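As the structure is a computational prediction, the values presented were derived from the model and not from experiment. No hydrogens, no waters, no symmetry mates; every other heavy atom, side chains included, goes into these values.
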Amino acid sequence: AQSVTQPDIHITVSEGASLELRCNYSYGATPYLFWYVQSPGQGLQLLLKYFSGDTLVQGIKGFEAEFKRSQSSFNLRKPSVHWSDAAEYFCAVGASGGGADGLTFGKGTHLIIQP
Amino acid sequence: DSGVTQTPKHLITATGQRVTLRCSPRSGDLSVYWYQQSLDQGLQFLIQYYNGEERAKGNILERFSAQQFPDLHSELNLSSLELGDSALYFCASSVLQGGSGELFFGEGSRLTVL
């Protein structure tokens with residue numbers, strides 16, 4: 001069974017600073033990987049996804065993530081954060097074999113932006 | 001707007017009661033997933049339906065059940081409610097049957113059991 005670990009429960013970053021949120025996954029084959037963002041009181045919105053091909057994927061709102069098979073990681077990055085980026089971020093893995101279990105989510109990283 | 005509609009947005013009820021949460025998927029999506037989000041457990045997959053048929057079960061309690069109707073909307077039924085069932089319940093839809101498709105989430109139904 002697949003699993004996702006987000007080692008950082010909370011991260012505090014100053015506005016304008018760069019950001020990296022860590023995600024490690026466990027899956028036997030090439031996974032499908034996703035990053036979602038959840039603003040307070042809202043549902044989850046897809047930021048970006050990796051299925052295959054270029055290991056550096058671009059998403060919405062200026063985010064990018066890099067798939068590193070050797071490290072089983074899919075870290076999310078942004079060069080300069082804005083106060084509106086404060087939210088909960090979830091990494092998720094899906095089964096490339098088409099398993100019906102939907103996505104497995106990490107426990108999330110709460111991003112706090114300091115002025 | 002993800003195109004996934006969940007009702008009600010908020011629900012307060014008492015222990016022992018039964019509630020029904022409703023989800024309308026995005027137009028054209030055949031798969032519906034239910035997730036429970038709580039502070040201690042995070043996002044837990046409950047159950048998935050594809051075109052009216054149950055396809056996968058996750059950490060769903062026996063007191064909970066779901067179904068997907070011919071018009072593809074889905075309902076999650078929670079019975080004999082306990083305090084610990086208080087959580088945010090999300091519905092998500094996908095065009096694909098399996099785990100390779102991105103999920104589109106509704107805004108959730110917040111259940112409070114008193």
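Contact of A:Q45 with chain B is not made at all, since no heavy-atom distance falls under 4.5 Å. At a 4.5 Å heavy-atom cutoff, the contact between A:L44 and chain B is made by backbone and side-chain atoms alike. Heavy-atom distances place the backbone of B:D40, and not its side chain, under 4.5 Å from chain A.
Hydrophobic clustering (side-chain heavy atoms under 4.5 Å, transitive across Ile, Leu, Val, Met, Phe, Trp, Tyr) groups A:V4 together with A:V37. Hydrophobic clustering (side-chain heavy atoms under 4.5 Å, transitive across Ile, Leu, Val, Met, Phe, Trp, Tyr) keeps B:I60 apart from B:Y33. Linking ILVMFWY residues whenever their side-chain heavy atoms come closer than 4.5 Å, directly or via other members, places A:I60 and A:L21 in the same cluster. Residues B:V4 and A:L47 do not share a hydrophobic cluster, defined by chaining ILVMFWY side chains whose heavy atoms lie under 4.5 Å apart. Transitive grouping of hydrophobic side chains (ILVMFWY, heavy atoms separated by less than 4.5 Å) keeps B:L43 and B:L21 in distinct clusters.
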Sequence neighbours excluded and cut-off under 3.5 Å, please list the side-chain donor-acceptor pairs for residues 6-19 of chain A, or say none.
{"residue": "A:Q6", "atom": "OE1", "partner": "A:C91", "partner atom": "N", "Å": "3.0"}
{"residue": "A:Q6", "atom": "OE1", "partner": "A:G108", "partner atom": "N", "Å": "3.1"}
{"residue": "A:Q6", "atom": "NE2", "partner": "A:Y89", "partner atom": "O", "Å": "2.9"}
{"residue": "A:Q6", "atom": "NE2", "partner": "A:T109", "partner atom": "OG1", "Å": "3.4"}
{"residue": "A:D8", "atom": "OD1", "partner": "A:R22", "partner atom": "NH2", "Å": "2.9"}
{"residue": "A:D8", "atom": "OD2", "partner": "A:R22", "partner atom": "NE", "Å": "3.1"}
{"residue": "A:D8", "atom": "OD2", "partner": "A:R22", "partner atom": "NH2", "Å": "3.4"}
{"residue": "A:E15", "atom": "OE2", "partner": "A:W83", "partner atom": "N", "Å": "3.3"}

What donor-acceptor contacts under 3.5 angstrom involve side-chain atoms of residues 69-76 of chain A, with partners at least two apart or in another chain?
{"residue": "A:R69", "atom": "NH1", "partner": "A:T30", "partner atom": "OG1", "Å": "3.1"}
{"residue": "A:N75", "atom": "OD1", "partner": "A:C23", "partner atom": "N", "Å": "2.9"}
{"residue": "A:N75", "atom": "ND2", "partner": "A:E20", "partner atom": "OE2", "Å": "3.3"}

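Residues B:Y35 and A:L103 approach most closely at OH-O, 2.7 Å, considering heavy atoms. The shortest non-hydrogen separation linking A:K107 to B:Q41 is NZ-O, 3.3 Å.
Contacts between residues 104-114 of chain B and chain A, counted as heavy-atom pairs separated by less than 4.5 Å, involve B:F105, B:G106, B:E107. Of all residues in residues 66-91 of chain B, those placing a non-hydrogen atom less than 4.5 angstrom from a non-hydrogen atom of chain A are B:L88, B:F90.
Under a 3.5 Å cut-off, the side chain of A:Y32 and the backbone N or O of B:E102 do not form any donor-acceptor pair. The main-chain N or O of B:L103 is found under 3.5 Å from a side-chain atom of A:Y36 such that the two form a donor-acceptor pair.
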Tell me, with the steps shown, if A:T104 and B:F45 meet side-chain contact (heavy atoms from CB on, under 4.5 Å). CA-CA 7 Å; A:T104 299; B:F45 167 66; over 6 Å; no
May I have the step-by-step check of side-chain contact (heavy atoms from CB on, under 4.5 Å) for A:F105 and B:Q37, ending in yes or no? CA-CA 11 Å; A:F105 286 84; B:Q37 185 180 37; over 6 Å; no
